[in-house]
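Here's the structure we're looking at; comments come further down.
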Amino acid sequence: MIPLENFLILSGFLFAVGLYGVLARRSAILILMSVELMLAGVAINFAAFAAYLDADGFSGMIFALFVITVAAAEVGLALGIVLRLFRERRTSYVDAANTLKW
Amino acid sequence: MFERLPVPAQFDRLIVAGGIVTGVILGPVFLVLLSLLLVGRISAPELVFWLGFTVIVIGALGTVLLQNIVHAAFALIAALIGVAAMYLLLASEFLALVQVLVYGGGVVLLIIFALMMTNAQDDPIVTDGSQKPFAFIVTLLFGAVLVAAAVNVQWGAESVSLITFRDFGTRLFHDFMVPVIIVGVLLDIALSGAIVNARPNIEEHSEETTQ
């Protein structure tokens, strides 16, 4: 039997690594990939608590499913924004998006 | 070997190099875990857990540390497949399948498409900002807090119950009907917004020139 702490440590590690990527990267697409890592860590956390501590074991799984769905929607929308930024500024680096209106 | 495949010349080198790196790193880990299993120190689920743990750690670190964006995208695939293995260990086979389909299939494909369309030649190679040390310190502190919080708490009784496909679908569309509808509307709005956002709109540009 795997202890619950192992899954919690894994999800904490994934979230922290994703946070590092979000803070340190400059390319918008790489920031988006790091956000995906953070969301995966959160979803593991939900699923682990649901499987171990909830006798029903269902609500957490549903939340993990919704996290995956919302992440897919977010990727689609964010990549549209990245394409728009690239068309306006000829680069996908977030340093270039330094004005609110142009 | 890859000459007959319709892939760019850079890709076959990428595949071969990625396979070699994966084998060199994961092979010894797998052998050590297998010997531990044969000796009886760990059980079979624990072997799968630590193998998936290794894959996730290497994939996640590769995603945030590699300088080449395409290499980072491939490392992201590895990390997300490892997460699917974790869902299997948590007795939720449906989530594991959804993870492989949506992430390994859809999300990473979208990301690679966006990479192809935003490949600017004059972008500098360095993809990290100068705020790297600051980000590292923040991440270290944050991760330490998370791990300490997870280890120090006494959690309740542990019980793993397998959720079958039929059960999952029935309860999802019965008990959680309203959230499913809301998520459907959210997906619709997000994808419409993505199309509107990424579409080249001629009117706006002509307005800008007249101003």
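Throughout, a chain's letter reflects where its sequence line sits, starting with A, and its residues are numbered from 1. Only heavy atoms go into these numbers, but all of them, side chains included; no hydrogens, no water, no symmetry mates.
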Heavy-atom side-chain contact between A:L30 and B:T63 under 4.5 Å: no
Contact class of A:A28 relative to chain B, heavy atoms under 4.5 angstrom: neither
Nearest-0.5 Å distance that lies between atom CD in B:Q99 and atom CD1 in A:I44: 8.0 Å
Distance-minimising heavy-atom pair for B:V102 and A:A72: CG1-CB, 4.0 Å
A:M61 CE to B:L90 CG distance, which is reported to the nearest 0.5 Å: 6.0 Å
Interface residue of largest heavy-atom contact number with chain A, from B:A72, B:A79, B:S43, under 4.5 Å: B:A72
Where A:E5 and B:A150 come nearest, the two heavy atoms and their spacing: CG-O, 3.6 Å
Those residues that, when tested against B:V183, pass side chain to side chain contact (heavy atoms under 4.5 Å, CB included) (two or more places apart): A:F66, A:T69
Sub-6.0 Å ring centroid separation between B:F142 and A:Y20: no
Option from B:L146, B:V57, B:V83 for which side-chain contact (heavy atoms from CB on, under 4.5 Å) with A:L14 holds: B:V83
Listed partners of B:Y87 passing side chain to side chain donor-acceptor pair (under 3.5 Å), at least two apart: none
Side chain to side chain, A:F15 and B:T139, heavy atoms closer than 4.5 Å: no
Portion of A:I29 that has a non-hydrogen atom of chain B nearer than 4.5 angstrom: side chain
Validation row: A:L79, B:F113 side chains within 4.5 angstrom (heavy atoms): no
Short side-chain to backbone donor-acceptor contact, B:R171 and A:F58, under 3.5 Å: no
Residue pair A:M33 / B:L76: nearest heavy atoms and the distance that separates them: CG-CD2, 3.6 Å
